[in-house]
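To start, the structure under review is shown below, and the notes come after it.
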Amino acid sequence: QNYTEESLEKLKGTINDAEKVLHDYDRTQDEIDNAIKVLEDAIGDLISYTDESQFKFDEETGTITEYLGKGGPVLIPSEIKGVTVKTIGEKAFERDADKDPKLVKVEIPESVEEIKEYAFYNSGLEEVNIPENVMEIGRYAFYHNDLTAIELPESIGLIGAYAFAENDINKVNIPKQLKKIENRLFFNNKLESIEFHDDIESIGQYAFSRNKISEVKIPNNIKEINS
């Protein structure tokens, strides 16, 4: 099994704590039993990456082209067949959340640099991470999901239209590298406020329509706002 680093570190810490208890002859039987139970729980909590066989993968480009699993959660490995995963391909995780098992949660590895259009379209996502190295997110990439919050890394310079539309997002940051906010980018969410950085150049049509925004401060340097 290929376990996540976080769950392995948790197990290592638990093993160290258990060893201290077991080597302390002054410990009571209840303390020893409790240490063993905590250790057993940590073993049970080990999280493994989704098996490579669940992905169609283009080794030449490092692109996941299709997810073959039934549902989630999905922990995408940073390598498949020894090749670094760099791109989540077009429609790779797309599904019909009303009929198919929902993904619910997806963990994207730090090796990924691009998420193509429609990649997670209507997939029943409630939680996803956008890694620090991602520079581009395609159109409709996360359209029509159940996301409530999203943390966008400062590295992103392009996010396509409708990418996060039709979700339940109530909080989002605008990356400093992002100069243009495309049409309907956050259409029909639950945003209550939005803060723009000074380098924003344009805001597309209906980018923030159908939200709960009561007040917004527009930067002085902005060149274009489409209504």
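Values below: all heavy atoms of this structure, side chains included; hydrogens, waters and symmetry mates excluded. Predicted, not measured: the structure shown is a model, and the values here were computed from it.
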V172 reachable from I222 in the ILVMFWY side-chain graph, under 4.5 Å edges: yes
Linking directly or through intermediates, with side-chain heavy atoms under 4.5 Å: list the remaining ILVMFWY members grouped with [X], chain and number order.
{"X": "Y162", "result": "Y118, Y121, Y140, Y143"}
{"X": "L158", "result": "none"}
{"X": "M135", "result": "none"}

Below 6.0 angstrom between ring centroids: does that apply to F164 and F208? no
Do [X] and [Y] have side chains that get closer than 4.5 Å, going by heavy atoms?
{"X": "E154", "Y": "K176", "answer": "yes"}
{"X": "Y206", "Y": "L185", "answer": "no"}
{"X": "V128", "Y": "E107", "answer": "no"}

Closest heavy-atom contact between [X] and [Y]?
{"X": "N188", "Y": "N211", "result": "N-ND2, 4.1 Å"}
{"X": "L152", "Y": "P175", "result": "CB-CG, 3.6 Å"}
{"X": "I64", "Y": "I76", "result": "CD1-CG2, 3.4 Å"}
{"X": "L191", "Y": "K171", "result": "CD2-N, 3.6 Å"}
{"X": "P131", "Y": "V112", "result": "CB-O, 4.5 Å"}
{"X": "E52", "Y": "I80", "result": "OE2-CA, 3.7 Å"}

Sub-3.5 Å donor-acceptor pair from the side chain of E31 to the main-chain atoms of T28, do we have one?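 Yes; judged by distance alone, with no hydrogens or angles, the pair exists.
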Applying side chain to side chain donor-acceptor pair (under 3.5 Å) to N145 and not counting sequence neighbours gives S123
Can you name the residues that form a side chain to side chain donor-acceptor pair (under 3.5 Å) with T63, not counting sequence neighbours?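 Expected list: T61.
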In chain order, what residues pass the salt bridge (charged side-chain N to carboxylate O under 4.0 Å, His left out) check against [X], with sequence neighbours excluded?
{"X": "R210", "value": "none"}
{"X": "E126", "value": "none"}
{"X": "D168", "value": "K190"}

Within this structure, what is the CD-CG distance for the pair E192 and N170, rounded to the nearest 0.5 Å? 6.5 Å
Drop me the distance from I150's CD1 to N173's CG, to the nearest 0.5 angstrom. 9.0 Å
Quick one: side-chain contact (heavy atoms from CB on, under 4.5 Å) partners of [X], sequence neighbours excluded?
{"X": "D96", "value": "D98, K99, D100, N122"}
{"X": "K86", "value": "T84"}
{"X": "I36", "value": "I32, E40"}

Looking at I88, L75, T50, L125, which one forms a side-chain contact (heavy atoms from CB on, under 4.5 Å) with V106? L125
Answer with yes or no whether the side chains of S53 and D51 bring together a donor and an acceptor at under 3.5 Å. yes
Qualifying residue for salt bridge (charged side-chain N to carboxylate O under 4.0 Å, His left out) with R139, from E90, E117, E182: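 Result for salt bridge (charged side-chain N to carboxylate O under 4.0 Å, His left out) with R139: E117.
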Contact list for residues 55-75, test salt bridge (Lys or Arg N to Asp or Glu O under 4.0 Å), sequence neighbours left out: K56-E66, E59-K81
